[in-house]
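Quick notes on the structure that follows.
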Amino acid sequence: MKTQRIDKILGNMGYGTRKKVKYIIKDGRVKVNGELIKSSSIHVKPNEDTIEVDGEVLEYKEFIYIMMNKPQDVVSATFDHRDETVIDLLEPIHQVFEPFPVGRLDKDTEGLLILTNDGKLSHELLSPKKHVPKTYFACIDGMVGQKDIDSFEKGVILDDGYKTLPAKLKILKSDDTYEIELTIVEGKFHQVKRMFESVGKKVTYLKRISMGELSLDEDLELGEYRELTEEELDKLKNR
Ligand code: URA
């Protein structure tokens with residue numbers, strides 16, 4: 001395993017910014033393999049060396065996996081000049097892992113967003129070849145019926161000429177307003193909105209409710225997040 005700077009490791013473990021970690025080390029609170037260290041630039045092997053802070057041995061964790069219920073008006077990016085980002089919603093102890101959103105939800109889309117610093121998992125979930133299903137709940141302006149179910153099943157042509165892969169449309173409510181669930185296995189830009197546009201209807205509200213085998217925890221309020229459980233992570237990884 002690669003060596004890593006001790007201040008980076010402690011940062012990842014939630015001990016705060018590099019500056020804060022430097023003070024913790026200067027204060028003589030950190031030992032590596034039983035020896036007190038005074039420099040924050042030393043390199044250690046997090047899986048082999050024993051790191052202690054205030055006498056407690058650290059259990060090292062390299063990756064973080066977060067489920068967020070993304071609210072509207074927040075962008076799925078790590079940085080933005082104008083808007084608040086999903087990273088801004090994280091506590092510093094989670095920001096130090098430098099997570100990024102797995103794919104994007106539009107600024108006005110709510111719901112399940114995974115954030116991680118595990119590039120491999122992110123790549124697998126986003127790879128067009130893997131066809132990871134994503135299910136959305138949406139409110140639609142315009143009547144939705146069997147014809148749309150059939151069209152989405154066959155694939156519809158988007159405004160740029162792209163023909164979508166088969167998608168599953170379920171009509172949940174059909175009176176004065178229409179509520180639906182749509183499962184797609186790809187992730188084109190504004191895909192759900194553009195699919196409805198292609199059949200002459202407008203999405204007025206959009207929320208992602210699942211990705212692969214992972215469903216949004218309905219106990220999470222908008223803007224809230226939590227780390228994935230081991231079981232949820234297995235579901236994502238072994239899909
Ligand atoms: N499809 C959309 O149109 N928007 C999203 O945010 C996600 C899927």
Side-chain angles (χ1 to χ4, degrees), residues 66-80 82-90 99-116 121-144 148-149 151-172 177-218 220-225 236 239:
I66 287 170
M67 166 194 294
M68 176 183 283
N69 185 3
K70 179 194 167 297
Q72 293 187 3
D73 297 327
V74 172
V75 293
S76 309
T78 49
F79 174 78
D80 196 90
R82 243 182 350 177
D83 291 310
E84 192 176 28
T85 73
V86 288
I87 303 299
D88 296 329
L89 299 181
L90 302 179
F100 49 84
V102 176
R104 277 166 189 268
L105 289 177
D106 296 338
K107 190 173 162 184
D108 61 356
T109 300
E110 295 178 354
L112 176 63
L113 187 68
I114 297 162
L115 296 123
T116 184
L121 180 68
S122 171
H123 183 75
E124 278 171 15
L125 290 171
L126 297 177
S127 165
K129 286 188 214 127
K130 300 273 167 139
H131 294 171
V132 175
K134 283 150 291 228
T135 300
Y136 294 85
F137 167 86
C139 300
I140 309 296
D141 192 2
M143 278 167 45
V144 186
D148 301 307
I149 295 177
S151 300
F152 285 178
E153 176 59 40
K154 278 196 222 108
V156 289
I157 310 284
L158 300 183
D159 47 11
D160 58 359
Y162 176 78
K163 182 166 187 256
T164 57
L165 290 174
K168 204 166 175 44
L169 175 62
K170 232 200 287 185
I171 300 169
L172 304 176
T177 60
Y178 281 75
E179 293 178 2
I180 62 94
E181 246 175 52
L182 178 64
T183 303
I184 58 177
V185 293
E186 49 195 342
K188 302 283 170 212
F189 187 59
H190 297 326
Q191 180 157 345
V192 175
K193 292 173 187 164
R194 288 162 73 212
M195 285 175 74
F196 276 97
E197 271 162 28
S198 79
V199 291
K201 281 136 225 190
K202 192 171 160 48
V203 172
T204 55
Y205 171 82
L206 189 60
K207 174 184 181 179
R208 181 156 64 196
I209 53 177
S210 71
M211 187 163 182
E213 295 289 304
L214 185 69
S215 297
L216 177 66
D217 179 345
E218 290 291 341
L220 288 176
E221 301 280 339
L222 285 168
E224 284 187 346
Y225 68 93
L236 266 193
R239 51 161 312 288

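From a predicted model like this one, the values you see are computed outputs, not experimental measurements. Every number for a ligand or one of its atoms is a count from 1 in the order of the listing.
- Side chains of Lys134 and Leu112 form no contact here, defined as non-hydrogen atoms less than 4.5 Å apart.
- Among residues two or more places apart in sequence or in another chain, the salt bridge (Lys or Arg N to Asp or Glu O under 4.0 Å) test is passed with Glu218 by Lys207.
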Could you tabulate the donor-acceptor pairs under 3.5 Å formed by side-chain atoms of residues 72-79, not counting sequence neighbours?
residue, atom, partner, partner atom, Å
Gln72, NE2, Asp108, O, 3.4
Ser76, OG, Leu105, N, 3.0
Ser76, OG, Leu105, O, 2.9

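- Listed as neighbours of ligand 1 are Leu105, Asp106, Thr109, Tyr136, His190, Gln191, Val192, Lys193, Leu206, each bearing a heavy atom under 4.0 Å from the ligand.
- Residues satisfying the salt bridge (Lys or Arg N to Asp or Glu O under 4.0 Å) test with Asp141, not counting sequence neighbours, are none.
- Between the side chains of Thr183 and Thr135, a donor-acceptor pair is found at a separation under 3.5 Å.
- Between the side chain of Lys70 and the backbone N or O of Lys107 there is at least one donor-acceptor pair closer than 3.5 Å.
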